[in-house]
Amino acid sequence: MRTLRHGLPLTSLFTGAATVGALLLAAPGAHAADPPLRDLAAAQGKVVGTAVTSSKLSGTYADIAGREFNSLTPGNAMKWESVEPSQGSYNWSAADRVVDFAEAHDQQVRGHTLVWHSQNPSWLTNGNWTPDQLRTLLHDHIDTEVGRYKGRLASWDVVNEAFNEDGTLRSDLWSDNLGSGYIADALTWAHAADPGAKLYINDYNVEGVNAKSDGLYDLVRSLKQDGVPIDGVGLQAHLILGQVPSTLQQNIQRFADLGVDVAITELDVRMQLPSDSGKLTRQAADFKSVVSACTAVTRCVGVTVWGFADSDSWIPDVFDGYGAATPYDGDYQPKPAYSAIAEALGGTGDTGGGDGGGDGGGGTPPEGCTAAYSVVNQWNTGFTGQVTLSCSGASLSSWRAHWTFGAGQHLTQAWNAGCSQSGAEVSCANASYNGTVPDGGSVTFGFNASWSGSNPVPEVTLG
Ligand code: 9MR
């Protein structure tokens with residue numbers, strides 16, 4: 001039998017524990033042991049991001065986007081056809097929504113993308129421009145868009161997909177009319193418009209060492225030599241199940257050694273449908289090896305997934321018969337790939353949803369041990385809270401904390417404790433590894449919950 005240090009048997013103090021909150025949390029993304037991915041990533045000094053669809057930023061989609069990621073990339077909202085559908089007429093609403101959401105959730109934004117061969121408005125691609133006119137249009141575009149978000153974006157994918165598979169420069173609107181110098185010009189103009197943003201060149205099929213990444217490498221080296229403001233290289237990483245390039249980490253490292261940052265910018269791992277547990281396990285291993293390759297290299301700043309849920313992925317629209325490429329399924333349930341990302345970021349990979357932890361009882365709080373509740377981060381629909389148990393002149397070998405959510409708040413996730421909510425009553429018990437609160441020591445656990453209207457701080461009782 002476990003006892004409190006001051007000698008009383010646990011059962012005499014903690015009675016009736018099982019009557020409160022019998023329902024274990026099984027909310028989407030409930031994880032008893034690991035904190036959200038963004039906290040794991042932050043502890044490693046890395047970013048974990050997702051592409052988002054601006055129009056979907058509400059409800060469960062928004063909850064997960066805000067809770068799990070510390071960086072957002074607008075999937076489409078900042079592309080030229082989105083922001084300037086007809087010449088001189090701008091529409092920033094979708095892009096603004098992503099940036100506002102990110103700021104409300106203490107997230108970075110990766111701007112995507114300024115110069116690309118695709119998703120340009122037809123007035124631009126169909127225009128019969130002289131090179132000088134086109135240059136002016138591009139300069140104005142960069143100046144306007146980067147300038148609009150000056151100081152608010154962490155980084156920009158300035159130039160996207162400039163290379164052919166053989167490492168030569170792609171023939172497109174830009175290179176055909178402006179020559180290869182458009183890349184240096186675009187970076188220089190973007191830097192002038194927001195000197196604080198990290199400027200990237202971004203491409204696909206450049207994850208391993210190959211002819212295409214060699215071409216990109218040579219370009220980045222010469223841009224650096226010429227003093228062009230380039231800060232980073234984006235490896236998109238649209239991968240196929242079981243085909244993570246074996247040279248991924250080596251490739252990240254060689255770019256880092258040029259003196260630029262590297263980001264995995266659009267990670268997904270597609271598989272032939274239907275998915276099954278074997279494929280999902282394989283996919284988890286693939287996600288883990290990509291994230292691990294990034295965490296292994298200091299200048300790899302982080303990993304962004306191209307949509308966090310299978311229902312928000314471009315894959316099924318483009319690759320017939322393929323899908324299931326992201327870490328959450330179409331019902332916003334975490335897949336094995338989610339746990340794999342958590343593990344690669346230093347977590348246990350325990351997604352909870354079952355036994356949430358210890359079995360401390362209810363009853364009288366032990367003298368000398370107290371609980372302090374605080375809201376550490378709050379956004380329009382949710383918040384992150386934490387409870388710190390501290391003991392002085394006493395100690396605990398297991399614990400349970402209770403409170404009442406008085407304003408309709410609802411727990412969605414907890415870490416470092418097993419929590420449950422029944423009605424307004426919340427009950428959290430220690431995890432297997434943090435039942436002990438020593439004399440003079442403390443233990444903290446955290447949780448996410450929804451709120452609306454008001455979010456008063458409840459009183460927490462121990463025992
Ligand atoms: O995710 C984007 C999808 O919604 C668009 O239909 C598609 C159009 O090309 O672009 C997708 O994002 C692309 C990204 O901007 C650049 N790299 C490849 C991505 C997948 O196509």
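Atoms within each ligand, like the ligands themselves, are counted from 1 in listed order. Counting from 1, the numbers follow the sequence of the chain as shown.
Side-chain atoms of His238 and Glu266 form a donor-acceptor pair, as typed in the model, at a separation below 3.5 Å.
Between Arg148 and Asp96 there is a salt bridge, since at least one side-chain N of the basic residue sits less than 4.0 Å from a carboxylate O of the acidic one. Under the 4.0 Å criterion applied to side-chain N and carboxylate O atoms, Lys212 and Asp166 are not assigned as salt-bridge partners.
Of the residues listed (Asn377, Asp39, Asn448), the one engaging Thr384 in a side chain to side chain donor-acceptor pair (under 3.5 Å) is Asn448, and it is the only one.
Within 4.0 Å of ligand 1, protein heavy atoms belong to Asn76, Lys79, His112, Trp116, Gln119, Asn160, Glu161, Gln236, His238, Glu266, Trp306, Trp314, listed by chain and number.
The main-chain N or O of Gly111 is never found under 3.5 Å from a side-chain atom of Glu145 such that the two would form a donor-acceptor pair.
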The test is side chain to side chain donor-acceptor pair (under 3.5 Å); show your working for Gln421 and Gln409 and say whether it passes.
CA-CA 10 Å; Gln421 181 170 356; Gln409 301 100 319; over 6 Å; no

